[in-house]
Chemist: 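Here it is: the structure, laid out below.
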Amino acid sequence: MKLKRHLAWYAEKGPDGLVFVGEKGGAFRRTSFGRKWRRARVAAGLPDGFRFYDLRHTGHTLSTRSGATLKDTMVRAGQSSEKAALIYQHSDDERQRELAAGLDEMVRTERAKSHKDSSAHDREEATGS
């Protein structure tokens, strides 16, 4: 909800509009951006060491976790090389647990199917069908 409000109230309009604009409606100047970023970071409850650039890493990582392909993230970030895109993608312990749980579920499902097929085959042999 806050993001929608920000886009409606503060961002430039249109698909190519700037998400953050300076006081005069143009791109932020480096000097004023630092002050505004610190205030925004504190308001969002982000840690002191969290840099604006960390948002790029976060965006790449979250987009891949939501199912985006490498090419998808490259297009979103305007990158032309896979190497550049991979720099921003990370995997953490939580994601590794999710992957392990997914693999476990796949194996359990296949085993259950195999067991079901085997049981049906055994019943057919017992009845002579």
Side-chain angles (χ1 to χ4, degrees):
M1 190 63 173
K2 289 181 181 185
L3 178 60
K4 286 182 181 180
R5 184 176 62 197
H6 172 87
L7 293 173
W9 291 1
Y10 302 110
E12 281 185 326
K13 303 301 178 215
D16 295 327
L18 297 171
V19 175
F20 300 99
V21 294
E23 282 121 18
K24 296 182 181 178
F28 271 120
R29 296 169 123 176
R30 186 178 293 263
T31 54
S32 63
F33 179 79
R35 287 189 307 272
K36 292 191 182 289
W37 169 246
R38 280 188 292 281
R39 276 189 263 155
R41 183 185 42 73
V42 169
L46 297 171
D48 288 343
F50 194 89
R51 303 162 301 155
F52 184 78
Y53 204 65
D54 293 332
L55 294 172
R56 189 170 182 95
H57 291 265
T58 303
H60 268 275
T61 301
L62 292 177
S63 67
T64 56
R65 286 182 73 174
S66 72
T69 65
L70 178 58
K71 187 64 172 179
D72 293 332
T73 60
M74 289 171 62
V75 169
R76 287 186 63 80
Q79 294 163 327
S80 59
S81 78
E82 293 175 359
K83 183 177 179 183
L86 289 172
I87 289 169
Y88 298 101
Q89 293 179 26
H90 305 282
S91 184
D92 57 17
D93 290 342
E94 180 183 349
R95 181 61 178 153
Q96 291 301 314
R97 284 190 293 275
E98 290 172 1
L99 292 171
L103 291 169
D104 182 63
E105 182 60 30
M106 286 173 53
V107 169
R108 289 176 187 274
T109 299
E110 288 302 314
R111 287 175 123 184
K113 277 198 270 183
S114 176
H115 179 70
K116 182 180 171 186
D117 292 345
S118 177
S119 295
H121 183 328
D122 291 346
R123 281 193 302 273
E124 286 176 6
E125 284 185 347
T127 61
S129 304

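Since this is a predicted model, take the numbers as computed values, not measurements.
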Chemist: Report yes or no: do Leu55 and Val75 belong to one cluster of Ile/Leu/Val/Met/Phe/Trp/Tyr joined by side chain heavy-atom distances under 4.5 Å?
Modeler: no
Chemist: List the residues meeting side-chain contact (heavy atoms from CB on, under 4.5 Å) with Arg111, not counting sequence neighbours, and say none if there are none.
Modeler: Val107
Chemist: Is any side-chain heavy atom of Arg41 closer than 4.5 Å to a side-chain heavy atom of Asp48?
Modeler: yes
Chemist: Listed by chain and number, what are the salt bridge (Lys or Arg N to Asp or Glu O under 4.0 Å) partners of Lys113, not counting sequence neighbours?
Modeler: Glu110
Chemist: Got a sec, which residues hit side-chain contact (heavy atoms from CB on, under 4.5 Å) with Arg108, two or more places apart in sequence or on another chain?
Modeler: Asp104
Chemist: Please list all pairs meeting salt bridge (charged side-chain N to carboxylate O under 4.0 Å, His left out) that have one or both residues in residues 6-20, counting only residues at least two apart or in different chains.
Modeler: none
Chemist: Who pairs with Thr69 by side-chain contact (heavy atoms from CB on, under 4.5 Å), at least two apart in sequence or on another chain?
Modeler: Lys71, Asp72
Chemist: What distance do Ser81 atom OG and Ile87 atom CD1 have between them, rounded to the nearest 0.5 Å?
Modeler: 7.0 Å
Chemist: Is there a path of hydrophobic side-chain contacts, each under 4.5 Å between heavy atoms of I/L/V/M/F/W/Y residues, joining Leu46 to Leu62?
Modeler: no
Chemist: Using 4.0 Å as the upper bound for N to carboxylate O, is an ion pair formed by Asp92 and Arg95?
Modeler: no
Chemist: Okay, side chain of Thr61, backbone of His90: is any donor-acceptor separation there less than 3.5 Å?
Modeler: yes
Chemist: If you look at every heavy atom in Trp37 and Phe50, which pair is closest and at what distance?
Modeler: NE1-O, 3.5 Å
Chemist: Mind checking side-chain contact (heavy atoms from CB on, under 4.5 Å) for Arg56 and listing every partner two or more places apart, or none if nothing turns up?
Modeler: Tyr53, His60, Ala77, Gln79, Tyr88
Chemist: Would you indicate whether the side-chain heavy atoms of Gln96 and Ser91 approach each other to under 4.5 Å?
Modeler: yes
Chemist: As an exercise, state the distance from OG of Ser63 to CZ of Arg76, rounded to the nearest 0.5 Å.
Modeler: 6.5 Å
Chemist: Please give me the minimum heavy-atom distance between Ala11 and Val19, naming the atom from each residue.
Modeler: CB-O, 3.5 Å
Chemist: Nearest 0.5 Å please: distance from the CD atom of Glu94 over to the CZ atom of Arg65.
Modeler: 4.5 Å
